[in-house]
Amino acid sequence: MFCLSKKVVRVRFAPSPTGYQHIGGARTALYDWLLAKKTGGTFILRIEDTDRNRLVPDAVEDIKNSLKWMGLDWDEGPDVGGEAGPYFQSERLDLYQNYAEDLVKKGKAYYCFCTPERLEEMRGKQELNNQPSGYDRHCRDLTWDQVEEYKAQGRKYVIRFKVPLQGKIEVKDELRGEMVFDHETLDDFVLLKSDGYPTYHLASVVDDHLMEISHVIRGEEWIVSTPRHFLLYQAFGWELPAFIHLPIFLSPDGKGKLSKRHGATSVREFREKGYLPEALVNFLLLLGWHPSTDQELFTLEEAAKVFSIERISTSPVSFSLDKLDWYNGLYIRKLSPEDLAKRCVPFLQKDGLLPDPCPREQLTYLTKIIPLVQERIKLLSEISKAVSYFLKEEISPPAKEVLIIKKGTAEETAAILKKIVETFSKLEDFSEETIEKSLRDVTEALGEKPGRVFMPVRISVTGETATPGLFELLAALGKPRVIHRLQQAIAVLEYA
RNA sequence: GGUCCCAUCGUCUAGCGGCCUAGGACACCGCCCUCUCACGGCGGAGACACGGGUUCGAUUCCCGUUGGGACUACCA
């Protein structure tokens, strides 16, 4: 049987597959993973699929993919197994049922035959009378005969925990210290649902015990449930793990917790928007945790060396994306051209700028132009706009108004461009250096300022006013396309 | 309504009684670099919610007020 020394750190990330991996959960998983790595402990992935009504079919895949994408590999769990399995709660049903029945036998839990309708009515009355909400313990004192009778009638039932009527329960959170809850404020919560599945309360307590979890790291929204869990540990006579409640993510506008209304909330969405896992991890790391230094940049490995639960903060965190964007730009600039090009390919394919699969020459060319735009994009998804005029053979000719130089006329502009076409045509070697020299020579010969000459060229060949440096841009584009696009622009100026 | 949590620049935060004329980062503004846009460099503005205590001394400790948030399901 499964047995380990109590000293070792065993942490679990226990998502419920009711949707795509939420960004808040991703941070929890990160902290779990870091604590495990820091201490040489074990990181466990456990799927809490006990709500069959809200089950999303591909959620488990998404959760696994999201964790892998972020670099958070698990030591025990789906796909990798482990001695404390199974790691899907739906495969542990008999366990929960036995433990629930056990509590009933000990008089610490009871069968409840109340119908959903009755409960709803009860709740309605409580709200109407401004009374505290909670189960009214209608079935708490059913006699054994009554229970047998109801069961014989085939009535559905749940198993509820019998919360002691008097007294207090002291709960400890590693970050916040002791918290005291009065039993009177706790109701007899459900342990086992009528479909035979456990509630979170039962399942998580049973599994955390059986899997010998040392630290329970979860969201702040669980604080109010913690006294119930302590009561359960007490009833079973089990040793408590340490509890760490992470501050929740608030919406950037400061109104309530982060929700779909405020943009991306799943890891998948951030990935699709063009965020790098390195950036997301770094951002999440510092959202609620701070090192004892001023260091802002961390790889997973670096973070794993210095991470500590004592330095996790307790106040709610506004999930503002500004810093994530900054991190993303930073990490994009740090990538090698080869790496960045590879990461951009899917985005370019999605936008129809590259075929799938991508031919070798195309990838080589992309790698060549990537450095020109690398410091100009903050999201991978911005790559298409940044390189479209490189990847397309033809661009739609710019409008006349945008081509015309400042305080100048169409004729003047066309004359400048013609002169440049003429100069470029004679160039044998269309390199950055020769381009720069000839362009500057033309500028001087015409008695113009650089800006007045460079800008119409830039717009002619790209259609944009904001681009990489002109000389490197032209060289990367190649002489034929440059001349063609310049002639196209001249035509617009003269005939449009 | 009830229970609980939280409270330093717009945001993330440092601070664990004197080092604070409150530090850093993002965002913002200005200047520089410059062919545009970025990148980069330099500089600027910007916070201890309020009221009581405790103390020689409070951003730091205690209480209250206010504000924000979470939970209040046979969901997690």
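These figures come from a predicted structure and were not determined experimentally. Throughout, a chain's letter reflects where its sequence line sits, starting with A, and its residues are numbered from 1.
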I need the residues from residues 117-128 of chain A with at least one non-hydrogen atom less than 4.0 Å from RNA chain B; give them sorted by number, or say none. A:Leu119, A:Arg123

Mind running a 4.0 Å heavy-atom check of residues 17-27 of chain A against RNA chain B and sending the residues that fall below it, in number order? none

Given the P atoms of B:U65 and B:C5, what is the spacing between them in whole Å? 14 Å

Pair A:Arg376 + A:Glu382: basic N to acidic O under 4.0 Å: no

Remember a base hit wins even if backbone is also touched, and classify A:Cys112 as base, sugar-phosphate or nothing at under 4.0 Å, heavy atoms. nothing

The nucleotide from B:C74, B:G69, B:C5 with an atom nearest the side chain of A:Ile223 is B:C5

If we ignore angles and hydrogens, is there a donor and acceptor under 3.5 Å between the side chains of A:Asp325 and A:Tyr275? yes

Closest to the A:Ser194 side chain, choosing from B:C4, B:C39, B:C74: B:C74

Please report the distance separating the C1' of B:G46 from the corresponding atom of B:C26, rounded so that it comes out in whole Å. 14 Å

Considering only atom P, compute the distance from B:U60 to B:A22 and round it to an integer number of Å. 15 Å

Please tabulate, one pair per line, each protein N/O and nucleotide N/O from nucleotides 34-37 of chain B that are separated by under 3.5 Å, including the distance.
{"unit_1": "B:C35", "atom_1": "O2", "unit_2": "A:Arg458", "atom_2": "NH1", "d": "3.4"}
{"unit_1": "B:C35", "atom_1": "O2", "unit_2": "A:Arg458", "atom_2": "NH2", "d": "2.4"}
{"unit_1": "B:C35", "atom_1": "N3", "unit_2": "A:Leu470", "atom_2": "N", "d": "3.2"}
{"unit_1": "B:U36", "atom_1": "O2'", "unit_2": "A:Thr465", "atom_2": "O", "d": "3.0"}
{"unit_1": "B:U36", "atom_1": "O2", "unit_2": "A:Thr465", "atom_2": "O", "d": "3.2"}
{"unit_1": "B:U36", "atom_1": "O2", "unit_2": "A:Thr467", "atom_2": "N", "d": "2.8"}
{"unit_1": "B:U36", "atom_1": "O2", "unit_2": "A:Thr467", "atom_2": "O", "d": "3.2"}
{"unit_1": "B:U36", "atom_1": "N3", "unit_2": "A:Arg458", "atom_2": "NH2", "d": "3.3"}
{"unit_1": "B:U36", "atom_1": "N3", "unit_2": "A:Thr467", "atom_2": "O", "d": "2.6"}
{"unit_1": "B:U36", "atom_1": "O4", "unit_2": "A:Gly469", "atom_2": "N", "d": "3.3"}
{"unit_1": "B:C37", "atom_1": "O2", "unit_2": "A:Arg376", "atom_2": "NH1", "d": "2.5"}
{"unit_1": "B:C37", "atom_1": "O2", "unit_2": "A:Thr467", "atom_2": "O", "d": "3.4"}
{"unit_1": "B:C37", "atom_1": "N3", "unit_2": "A:Arg376", "atom_2": "NH1", "d": "2.4"}

Using a 6.0 Å distance limit plus a 45 degree cone around the ring axis, check whether A:Lys108 lies over the aromatic ring of A:Phe161. no

Where the side chain of A:Glu296 is concerned, which of B:C75, B:A25, B:C39 is the nearest nucleotide? B:A25

Side chain of A:Val224 only, heavy atoms from C-beta on: which candidate in B:G1, B:C71, B:U13 is closest? B:C71

Distances under 3.5 Å only, N/O to N/O: pair up the protein atoms with those of nucleotides 58-68 of chain B.
none

Any A:Ser225 side-chain nitrogen or oxygen under 4.0 Å from OP1 or OP2 of B:A76: no

Would you please name every residue forming a salt bridge (Lys or Arg N to Asp or Glu O under 4.0 Å) with A:Lys168, sequence neighbours left out? A:Asp182

So which nucleotide does B:C28 pair with, by the Watson-Crick or G-U wobble rule with both distances under 3.5 Å? B:G44

What interatomic distance, in whole Å, is found between C1' of B:G18 and the corresponding atom of B:A58? 9 Å

Taking atom P in both B:G30 and B:A49, compute the distance separating them and give it to the nearest angstrom. 31 Å

Of the nucleotides B:A76, B:G69, B:G24, which one has an atom closest to the side chain of A:Asp51? B:A76

Minimum-distance nucleotide (side-chain atoms of A:Ser315 versus B:C71, B:C26, B:A7): B:A7

So NZ of A:Lys378 and CG of A:Leu276: to nearest 0.5 Å the spacing works out to 14.0 Å

Of all the heavy-atom pairs spanning A:His201 and A:Ser225, show the shortest one and how long it is. CE1-OG, 3.7 Å

Provide the distance between the two P atoms, one in B:C31 and one in B:G52, to the nearest whole Å. 45 Å

When you compare B:U59 with B:A47, how far apart are their P atoms, in angstrom units rounded to a whole number? 15 Å

Nearest to side-chain heavy atoms of A:Trp222, which nucleotide of B:C26, B:U3, B:A76: B:A76

Identify whether any heavy atom of A:Ser133 sits under 4.0 Å from a base atom; if not, whether one sits that close to sugar-phosphate; answer base, sugar-phosphate or nothing. base

With a 4.0 Å cut-off on N to O distance, would you call A:Lys257 and A:Glu221 a salt bridge? no

With a cut-off of 3.5 Å and sequence neighbours excluded, list every side-chain donor-acceptor pair involving residues 312-321 of chain A.
none

For atom P, what is the distance between B:G23 and B:C9, given to the nearest Å? 14 Å

Touch check for A:Thr50, heavy atoms < 4.0 angstrom, all strands: base, sugar-phosphate only, or nothing? sugar-phosphate

Quick check for you: among B:A14, B:C74, B:A70, whose closest atom lies nearest to any side-chain atom of A:Arg311? B:A14

A:Lys437 with A:Glu433: basic N within carboxylate O range, under 4.0 Å: no

